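To start, the structure itself, in structure tokens.
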Amino acid sequence: MDNNNNNTATPPNPGTPTKNLTPGLRSSNPGLLMDRRRLDEEKNSLEEIALGHKSPNKPLFPNLHQYSLNELSNPPTEEELQNYKDVSAQNLPPIHKREALKRVFVNRDIKLDRIEFFGFDMDYTLAVYNSPEFEELAYDMVIERLLEIGYPKSIKKLKYDPNFPIRGLFLDKELGNLLKIDSFGNIIICIHGKKKLTPKQTSEFYPSMRVSSDEIVKNRFYLLNTLFTLPEACLYSDIVNHIETESSLRLTEEIADEQQQFNSPPLSSLGSNQENPSHEIDGDLSFSNLFQDIRTAYDLVHNDGSLKKRVLADLPKYIRKTKDMPVFFDRLRQNGNKVFLLTNSEYYYTNSVMSYMLDGFDPKYNSWKDYFDVIIVGADKPRFFSEGTTIREVDVETGNLKITNVKDRFEKGKVYHGGSLSLFQKLTGAKGSRVLYIGDHIFADIIKSKKTHGWRNLLIVPELDHELKVSKEEKQTYIHLMNLEFIRAEIYRGLDSQSTQPPDIEVLLKHIKDTNEKLNLAFNKNFGSMFKHGSKSTFFSMQVQRYADLYTSDYLNLLNYPLFYHFSANPQPLPHENITHPTFEASSS
Ligand SMILES: Nc1nc2c(ncn2[C@@H]2O[C@H](COP(=O)(O)O)[C@@H](O)[C@H]2O)c(=O)[nH]1
Ligand SMILES: [Mg+2]
């Protein structure tokens, strides 16, 4: 370096790490930052030169030596960065991303080396239920319950359709509709039974074409936002369609008071169905009665253990088992992290499922419990994140609960039932920002834990695999849509307030509408994508964006990152910020 601070070093041969460069800040990997990419590019460009497609690379900076991207150490040193010359935006190589299906997506920054406690939900998080087997089981078992309370035998032929529901739908108990709602509460799609209503028909049901927040609070709508509700959404629509097209029953909009429903004897006690099973039931049923009957039946198969009994009887059929799970949890322990399980499931079920998934892989761990510092079952989330319940200890021999005195800490190896977040924080000393809680339930696992105590979170969205695959398959459709929107912008580019004749773009608008519809159908033939509808974000997408710090299709995608990784969110530019972004200039030049 001469005294004018100009680098007089002879330009290093970009082919090999230069000797006069001080090793990178962390000399763990003194190679060149862009080694792999450069070699790929050189290989490609040599092939192109050989084919006569490209002239040999000229040195980037023949006079003053400034470091190019290809000359930086890994990581780059102070000297290199002081003398680094930027590559223009359009020539900057794309940032390397892990393969989409293996990624963890970032809404808000999280530094994993700041996380002391990794917490896990079980059902649909650690315990990945095989689809559609598990949903079919739940669907069929609820039909059995409805038959027992007097529903017509004809519903026995209904079958779960995994291609029908998406998560995040609103069920209108009053009118018996399933609604796809955007992030502002506007109704995007309305399906009654198995029929998609036109916008005109929908506006007859919903003149404002939106669901107001107080209507959501007033309990008219049931939010189908967990994976457990997928069969419920499908069954509700199937029965509405079945009754309205094939049954002598009539569905009415009369609003049954929920308490009145709970007070009333089940239909079966009226003996209407058992004596003469061939006799079709005649009479009225309200959409909200139907909802309450199905909801009660769902609660029952969960609470009475019958659904879990069927799962435990054939675990390989219903729950994924992978060697990656013990590998991941062992790495957390080797990394010195504290690990806790926080599930609403009862002990007997949790013990069977976790044993099935973790026991026998690694001799360092005699039992699945050895991977965890704290185990809480029957947590009663989301209540756990507010007032909670009395904490008990589980007698792991009998599964019974016993009075316990947790004093100043949770004891490793013991299993607890219930409790509350404030007690958890007191006994573990876990500060909100030092806890990363991983769960599938956007409300019970993510929103409540964040709002009440600032836990950091990772939301599990298994449907992301499907959404990412379809997005990739429909890339050309997206490009076509961008072209149509560009054409629309060009038509208006030259117009201003003195223009009096609006251009007739009906034909163009129809192409835009049809292209959007093609995209929607590619995700789901009834409801489209669970995140989008054309340019609109769904209510579910808004919740993910607002409350999930990180989200991914599978918690095991954490295996693809070092446990000191800094997840950093891409800035979400407001419309005016796009203009200042370099790539905008590149595209507009
Ligand atoms: N009574 C009901 N229980 C339900 C329903 N949907 C799910 N569940 C139970 O919740 C836990 C989920 O546990 P977690 O590990 O995800 O916290 C599991 O035991 C399910 O049986 C429902 O609609 N009603
Ligand atoms: Mg769960």
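Please read all numbers here as calculations on a predicted model, not as lab measurements. Just so you know, ligand 1 is whichever comes first in the structure, and atom 1 is the first atom listed for that ligand.
For D440, the N, O or S atom closest to the Mg ion (ligand 2) goes by the atom name OD1.
In this pair, Y371 and F329 present their aromatic rings perpendicular. The plane angle is above 60°, beyond the 30 to 60° band. Classified by interplanar angle (parallel below 30°, tilted 30° to 60°, perpendicular above 60°), the ring pair F340/Y437 is parallel.
Looking at Y222, its side chain never comes within 3.5 Å of a backbone N or O of F291 through a donor-acceptor pair. Formation of a donor-acceptor pair under 3.5 Å by the D380 side chain with backbone atoms of F384 is not found in this model.
K532 and S537 share a side-chain donor-acceptor pair at under 3.5 Å. For the 3.5 Å distance criterion, the side chains of T125 and D440 qualify, holding a donor opposite an acceptor. Of the N and O atoms on the side chains of S306 and R145, at least one donor lies less than 3.5 Å from an acceptor on the other residue.
For the pair K431 and F117, the cation-pi criterion (under 6.0 Å, within 45° of the ring axis) is not fulfilled.
Ligand-side atoms of ligand 1 in range of N344: 11 (C), 13 (O), 14 (P), 15 (O), 17 (O), range being under 4.0 angstrom from any heavy atom. Atoms of ligand 1 lying under 4.0 Å from at least one heavy atom of M122, given by number and element, are 15 (O). Listed by number with element, the atoms of ligand 1 under 4.0 Å from a non-hydrogen atom of T343 are 13 (O), 14 (P), 15 (O), 17 (O).
Ranking the protein heavy atoms by distance from atom 7 (C) of ligand 1 puts F228 CD1, 3.4 Å first. Nearest protein heavy-atom contact of atom 19 (O) of ligand 1 is S345 OG, 2.7 Å.
Heavy-atom separations between K381 and ligand 1 include at least one value shorter than 4.0 Å. Contact annotation: E232 has no heavy atom less than 4.0 Å from any atom of ligand 1.
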Between F170 and F540, is the ring-ring contact (aromatic ring centres under 6.0 Å, His included) condition met? List the steps. CA-CA 10 Å; F170 283 61; F540 183 81; over 10 Å; no

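Selection from E346, R295, H302 by nearest heavy atom to atom 21 (O) of ligand 1 gives H302. Of the listed residues (L126, N303, D121), the one carrying the non-hydrogen atom nearest atom 1 (N) of ligand 1 is N303.
Here the angle at the Mg ion (ligand 2) defined by OD2 in D121 and O in D123 stands at 90°, rounded to 10 degrees.
At least one N/O-N/O distance between D123 and ligand 1 falls below 3.5 Å. By the 3.5 Å distance cut-off applied to N or O atoms, D299 is counted among the residues near ligand 1.
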